[in-house]
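These notes are about the structure you will find just below.
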Amino acid sequence: MAPSFRKPPNPNRRRYVRIGLLAALPVLWFATLRFGPGLSVLGRAEPAPAVFAFHARGLLQSQLGYPRTLEAHLPAPAPGSNEEAQLRLMGFWTGREWSAKALGYGRVEGRALKLLAGRLEVAEVSGVTTARDYNGPLLCQVDYRVRWAYRDELDEFMRVKGLVPYQLPRNLGIQAPGGVASRQVTLERKGLGWSVQDADEVRRREAGLPSPNYRLLAFFL
């Protein structure tokens, strides 16, 4: 009986299978984001959220610039003032300008010093409404909470609070480091995806400076 030989596996076929799987992953990912919220409530009476909570969180981070850098404003002291004496004692003021030590705590803007004061982070997405047609645009609302994340950047100034008149970020809505505040934004359906409605305006209105690479996440959403 003649021996039988198996045909050796085709290396090109394996390569094509791997390429096909890699090409399918983005399609599966975007299909999950697009159709997943509706499928997740099949057989239940509750309405489907427009997007998953993790998707909404990613949209907030990628379009509103979270985590945002918070800064306190410290004006240059008046000559001969108590503020000048205190800042010189702390090693932050040379008598004419901010010292090298001061620059390690922030950046100079005009005559003032912008002190690092932690970050504003998305703490959680607490709710996403179902999508509704508002006579044309398809919209939903996202309720979320932000946290003032703080790593003792201002501790040296807090110890002398009242002697050094720094000003905390505006529009923060949080009284102390570690605290949280509620926010709400509207998402608008554009094409197959979602985006924050009036994102430029919302981003300008929020406290702090947007993360420099915040737009990179948008590619995956």
Side-chain angles (χ1 to χ4, degrees), residues 56-126 142-186 195-218:
R57 185 188 185 104
L59 291 171
L60 295 175
Q61 292 177 324
S62 66
Q63 297 181 27
L64 301 184
Y66 294 105
R68 301 173 65 94
T69 300
L70 297 176
E71 295 180 316
H73 178 85
L74 180 61
S81 64
N82 292 332
E83 292 85 358
E84 182 188 37
Q86 182 62 49
L87 287 170
R88 294 188 71 164
L89 183 64
M90 296 168 65
F92 279 77
W93 185 254
T94 67
R96 293 183 302 175
E97 59 186 8
W98 300 106
S99 68
K101 179 181 178 181
L103 297 181
Y105 280 73
R107 62 188 178 88
V108 175
E109 186 178 90
R111 290 277 292 164
L113 183 66
K114 293 290 187 177
L115 298 161
L116 294 176
R119 302 189 307 171
L120 191 64
E121 300 177 339
V122 177
E124 65 171 342
V125 172
S126 53
V142 175
D143 293 305
Y144 65 104
R145 287 151 65 88
V146 293
R147 177 183 294 111
W148 181 359
Y150 181 74
R151 298 173 183 169
D152 38 357
E153 294 95 337
L154 279 180
D155 277 1
E156 188 162 357
F157 291 89
M158 288 183 172
R159 284 193 289 269
V160 292
K161 190 175 182 179
L163 299 176
V164 178
Y166 62 87
Q167 301 168 8
L168 292 176
R170 297 180 179 179
N171 304 325
L172 189 54
I174 303 175
Q175 298 302 317
V180 297
S182 297
R183 301 279 196 272
Q184 184 184 76
V185 294
T186 298
S195 61
V196 176
Q197 190 178 51
D198 301 323
D200 291 341
E201 180 184 344
V202 178
R203 190 168 54 247
R204 285 194 299 267
R205 195 168 60 234
E206 182 59 283
L209 304 174
S211 172
N213 299 318
Y214 68 93
R215 294 185 187 275
L216 294 178
L217 186 61

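Nothing here was measured: the structure is a model prediction, and the numbers come from that model.
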Smallest separation among heavy atoms of Pro75 and Pro165, with atom names: CD-O, 3.7 Å
Candidate pair Val142 and Leu59, rule side chain to side chain contact (heavy atoms under 4.5 Å, CB included), full reasoning: CA-CA 10 Å; Val142 175; Leu59 291 171; over 6 Å; no
Between CD on residue Gln167 and CG on residue Leu74, distance to nearest 0.5 Å: 9.0 Å
Arg147 side, atom CZ; Glu124 side, atom CD - distance, nearest 0.5 Å: 8.0 Å
Heavy-atom neighbours of Gln175 CD exceed 12 at 6.0 Å: no
Minimum heavy-atom distance between Leu154 and Tyr166, given as atom pair plus value: CD1-CE1, 4.4 Å
Spacing of Arg205 atom CZ and Asp200 atom CG [to the nearest 0.5 Å]: 11.5 Å
Minimum-distance pair of heavy atoms, taken over all atoms of Ala181 and Leu172: CB-O, 4.3 Å
Closest approach of Pro210 to Arg203 (non-hydrogen atoms, all atoms of both residues): CB-CD, 4.3 Å
Non-hydrogen atoms of Pro67 and Arg119 that approach each other most closely: CG-NH1, 3.4 Å
Pair Val122-Leu64, side chain to side chain contact (heavy atoms under 4.5 Å, CB included): steps then yes or no: CA-CA 10 Å; Val122 177; Leu64 301 184; over 6 Å; no
Close side-chain approach of Val185 and Glu206, heavy atoms under 4.5 Å: no
Neighbour count >12 (heavy atoms, 6.0 Å) for atom CZ, Arg57: yes
Closest non-hydrogen atom pair between Ala78 and Glu84, with its separation: O-CB, 3.6 Å
Reported CD-to-CD distance for the pair Gln63 and Gln197, which is rounded to 0.5 angstrom: 11.5 Å
side-chain hydrogen bond (donor to acceptor under 3.5 Å, both in side chains) partners of Asp155, counting only residues at least two apart: Tyr150
pair Leu60-Arg183: side-chain heavy atoms closer than 4.5 Å: no
Side-chain (Thr94) to main-chain (Ser99) donor-acceptor, under 3.5 angstrom: no
Gln86 side, atom CD; Phe92 side, atom CZ - distance, nearest 0.5 Å: 10.5 Å
Validation row: Pro177, Met158 side chains within 4.5 angstrom (heavy atoms): yes
Side chain proximity check, Leu163 to Phe157, heavy atoms < 4.5 angstrom: no
Please tabulate, for the side chains in residues 107-117, all donor-acceptor contacts under 3.5 angstrom to protein atoms that are two or more places apart in sequence or on a different chain.
unit_1	atom_1	unit_2	atom_2	d
Arg107	NE	Glu71	OE2	2.8
Arg107	NH1	Glu109	OE2	3.4
Arg107	NH2	Glu71	OE1	3.0
Arg111	NH1	Arg96	O	3.3
Lys114	NZ	His73	ND1	3.3

Pairwise distance CZ(Arg204) to CG(Asn171) - rounded to 0.5 angstrom: 13.0 Å
